[in-house]
There are 2 protein chains.
Amino acid sequence: MSYKIKSRIWIECNEHVLLGEGRVQLLKAIDETGSLSKAAKTLNLSYKKAWNLIDSVNKSAKKPVTINSTGGKGGGGAELTEYGKALILVFDEINQNCWEFLDQQLGKIEDL
Amino acid sequence: MSYKIKSRIWIECNEHVLLGEGRVQLLKAIDETGSLSKAAKTLNLSYKKAWNLIDSVNKSAKKPVTINSTGGKGGGGAELTEYGKALILVFDEINQNCWEFLDQQLGKIEDL
DNA sequence: TATCGTTATATCTTTACAAATATAACGATT
DNA sequence: AATCGTTATATTTGTAAAGATATAACGATA
């Protein structure tokens with residue numbers, strides 16, 4: 001069996017984590033469901049954890065990533081800003097590029 | 001303050017972790033001290049944890065990474081094999097290349 | 001065969017983090 | 001003003017990882 005190089009990347013701002021793979025996944029689920037609680041449910045994580053993540057995302061980012069509304073029709077909801085949508089697209093792109101880059105480097109290990 | 005992209009890479013073999021930053025640091029300390037217990041002490045981690053790490057490294061690698069000797073003059077010791085030395089060199093090289101690659105990608109986020 | 005400092009291993013304790021639970025606040029709609 | 005499903009928040013409980021402690025095994029040396 002041969003070696004594999006794995007990686008995790010994340011974006012920080014002011015020493016605080018803004019985006020990682022888990023947060024991106026959560027943002028995508030919010031985009032699909034229109035609600036933080038539904039997004040948490042589909043990802044099988046507690047509402048509290050999901051809320052903490054989104055709170056941290058919005059506190060770390062330079063511009064709002066989600067708009068959360070409380071009360072009103074349907075009880076409220078959450079949706080991504082245009083900035084948020086752009087962020088997850090770029091994150092995925094960089095992450096994929098990183099994987100491809102690391103795959104290229106794999107030979108250096110197997111040839112030892 | 002501006003964004004930063006951070007990363008962790010690690011090498012796996014058969015779904016088991018072979019090398020990560022912590023393990024590389026430990027291997028370097030073994031190389032410098034000639035002993036697993038001394039290496040653990042300098043890195044401020046318990047001997048048990050250090051031993052578990054090295055055990056996992058050697059079980060995951062295709063060829064031995066350290067030679068551990070018990071008993072004898074000085075009580076024994078641990079040293080890196082040539083393969084182990086080569087591995088940590090290559091790991092550091094790939095890791096640094098990855099950082100540089102990610103730094104190049106940073107503009108895509110800042111320009112949003 | 002007694003000594004030494006190391007590797008090897010088991011067991012218990014503590015602690016930090018995740019999970020579960022409960023409840024308050026919100027505001028458009030009726 | 002009563003209702004609804006959501007966001008927001010505090011408090012408690014459970015669990016797994018980390019840490020501490022203890023001890024066995026090892027083998028060259030003297």
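Residue numbers start from 1 in every chain, and the chains themselves are labelled A, B, ... in the order their sequence lines are given, proteins ahead of strands.
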Undergrad: Using a 4.0 Å cut-off on heavy atoms, which residues in residues 21-45 of chain A reach DNA chain D? List them by number, or say none.
TA: A:S35, A:L36, A:S37, A:K38
Undergrad: Where the side chain of A:W51 is defined as all heavy atoms beyond and including C-beta, which of C:dC26, D:dA8, C:dA8 is the nearest nucleotide?
TA: D:dA8
Undergrad: Check whether B:Y83 forms a cation-pi arrangement with B:K62 (NZ or CZ under 6.0 Å from the six-membered ring centre, at most 45° off the ring normal).
TA: no
Undergrad: Quick check for you: to the nearest 0.5 Å, what is the distance between A:I94 atom CD1 and B:I5 atom CD1?
TA: 4.0 Å
Undergrad: Closest approach to the side chain of B:K73, judged atom by atom: which nucleotide of D:dC26, C:dA25, D:dA28 is it?
TA: D:dA28
Undergrad: Determine, step by step, whether A:N14 and A:S60 satisfy the side-chain hydrogen bond (donor to acceptor under 3.5 Å, both in side chains) criterion, reporting the C-alpha distance in whole Å, the side-chain angles of both residues, the deciding distance to 0.1 Å, and the verdict.
TA: CA-CA 8 Å; A:N14 296 334; A:S60 306; over 6 Å; no
Undergrad: I'd like a table of donor-acceptor pairs (distance under 3.5 Å, sequence neighbours excluded) in which one partner is a side-chain atom from residues 84-93 of chain A, with atom names and distances.
TA:
from  : atom 1 : to     : atom 2 : distance (Å)
A:D92 : OD2    : A:K28  : NZ     : 2.7
A:E93 : OE2    : B:K108 : NZ     : 2.8

Undergrad: Measuring from the side chain of A:K49 (C-beta onward, heavy atoms only), which nucleotide among C:dT9, C:dA19, D:dT6 has the closest atom?
TA: C:dA19
Undergrad: If you fit an axis to the five pairs at each end of the helix from C:dT1-D:dA30 to C:dT30-D:dA1, how big is the angle between those two axes, to 10 degrees?
TA: 10°
Undergrad: Please give, in whole Å, the distance from C:dT6 C1' to B:I54 CD1?
TA: 15 Å
Undergrad: Give the rounded distance in Å between these two atoms: OH of A:Y47 and P of D:dT9.
TA: 9 Å
Undergrad: More 5' along DNA chain C: B:D55 or A:G74, using each one's nearest nucleotide?
TA: B:D55
Undergrad: Can you tell me how far the CD atom of B:E32 sits from the OG1 atom of B:T42, to the nearest 0.5 Å?
TA: 7.5 Å
Undergrad: Any chance you could lay out the side chain to side chain contact (heavy atoms under 4.5 Å, CB included) test for A:K6 and B:I9, step after step, and finish with the verdict?
TA: CA-CA 6 Å; A:K6 302 218 169 178; B:I9 70 167; over 6 Å; no
Undergrad: What pair of heavy atoms forms the shortest contact from B:E21 to B:S7, and how long is it?
TA: OE2-O, 4.2 Å
Undergrad: Here's a test of your reading of the structure: between B:K48 and B:G75, which maps to the more 5' nucleotide of DNA chain D?
TA: B:K48
Undergrad: Within this structure, what is the CG-to-P distance between B:L53 and C:dA8, rounded to whole angstrom?
TA: 13 Å
Undergrad: Is it the case that the side chains of B:S37 and B:S35 hold a donor-acceptor pair, with the cut-off being a distance below 3.5 Å and no angle test?
TA: yes
Undergrad: Taking the six-membered ring of B:Y47, is the NZ or CZ of B:K38 close enough (under 6.0 Å from the centre) and on axis enough (within 45°)?
TA: no
Undergrad: Below 4.0 angstrom from OP1 or OP2 of C:dA8, is there any side-chain N or O of B:N68?
TA: yes
